[in-house]
Amino acid sequence: MPQCGGGLDRRIAAAFAHAARLAPRAPALLVGSDTPQLAPAALAAPLSAARRPGVDAWFGPAEDGGFWALGLARPDARLAGRLLHGVPMSTADTGRHVLERLAADGLKVRELPTLLDVDGPDDAARVAALAPGTRFAARLREFAAAPGPAR
């Protein structure tokens with residue numbers, strides 16, 4: 001689905017609202033596209049039906065203080081707005097702000113593993129080293145081997 005206008009806080013909230021319209025009783029998990037090392041198996045156990053009862057939200061912290069995943073067991077537009085609107089994004093405190101809002105709303109949160117997200121070339125190299133068999137790592141190697149100006 002195309003992203004709506006506004007800051008990242010508004011776009012993430014709108015994605016949850018859209019998910020709620022598509023499947024009103026289904027949980028929704030949003031995963032950042034800057035964690036290419038994430039394997040589906042890492043989410044299988046924490047999101048399994050057996051481990052879902054009593055959990056209202058899932059939070060995947062990023063090493064830099066942000067988050068790479070946020071999930072809601074029962075997403076809706078108003079909840080997403082309360083949790084996300086006005087949260088300063090892309091700061092070392094973004095994750096803390098979201099966790100505080102989840103707690104203030106009385107939601108039981110299951111934390112997912114902490115991952116490195118790719119915000120720059122050094123992060124890209126670290127992620128490629130963590131997951132050398134991924135398409136991301138292969139493309140990074142191709143990019144590094146390409147002739148041209150120093151990168």
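The model shown is predicted, which means the values in this text are computed figures rather than measured ones. Numbering of residues begins at 1 and proceeds along the displayed sequence.
Ala28 and Pro75 get closest at one heavy-atom pair: CB-CG, 3.9 Å.
For the salt bridge (charged side-chain N to carboxylate O under 4.0 Å, His left out) test, residues two or more places apart in sequence or in another chain that qualify with Glu100 are Arg96. Partners of Arg101 according to the side chain to side chain contact (heavy atoms under 4.5 Å, CB included) rule, which considers only residues two or more places apart in sequence or in another chain, are Leu83, Val87. Under the side chain to side chain contact (heavy atoms under 4.5 Å, CB included) criterion, Leu130 pairs with no residue at all, not counting sequence neighbours. Qualifying side chain to side chain contact (heavy atoms under 4.5 Å, CB included) partners for Pro113, counting only residues two or more places apart in sequence or in other chains: Trp68.
Judged as a side-chain hydrogen bond (donor to acceptor under 3.5 Å, both in side chains), the pairs with a partner in residues 121-138 (not counting sequence neighbours) are, in order, Glu63-Arg126. A ring pair (Phe, Tyr, Trp, His ring centres under 6.0 Å) check over residues 88-123, counting only residues at least two apart or in different chains, returns nothing. Sorted by first then second residue, the side-chain hydrogen bond (donor to acceptor under 3.5 Å, both in side chains) pairs that include residues 139-148, not counting sequence neighbours, number zero. Within the structure, no pair that satisfies the ring pair (Phe, Tyr, Trp, His ring centres under 6.0 Å) test touches residues 100-132, not counting sequence neighbours. Pairs passing the side-chain hydrogen bond (donor to acceptor under 3.5 Å, both in side chains) check and including a residue from residues 27-50, sequence neighbours excluded, do not occur. Pairs passing the ring pair (Phe, Tyr, Trp, His ring centres under 6.0 Å) check and including a residue from residues 37-61, sequence neighbours excluded, read Phe59-Phe67. The stretch residues 66-91 participates, sequence neighbours left out, in these salt bridge (Lys or Arg N to Asp or Glu O under 4.0 Å) pairs: Asp56-Arg74, Arg82-Asp105.
A donor-acceptor pair under 3.5 Å is formed between the side chain of Arg11 and the backbone N or O of Gly6. In this structure a side-chain-to-backbone donor-acceptor pair under 3.5 Å is missing from Asp117 to Ala62.
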N/O donor-acceptor pairs under 3.5 Å from side chains in residues 14-27, not counting sequence neighbours:
{"unit_1": "His18", "atom_1": "ND1", "unit_2": "Arg21", "atom_2": "NH2", "d": "3.4"}

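Val118 places none of its side-chain heavy atoms less than 4.5 Å from the side chain of Leu116.
Separating the CG atom in Asp64 from the OG1 atom in Thr94 is a distance of 8.0 Å, to the nearest 0.5 Å.
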Problem set entry | Val98 vs Leu70, side-chain contact (heavy atoms from CB on, under 4.5 Å): CA-CA, chis, key distance, verdict | CA-CA 9 Å; Val98 172; Leu70 181 62; 4.2 Å; yes
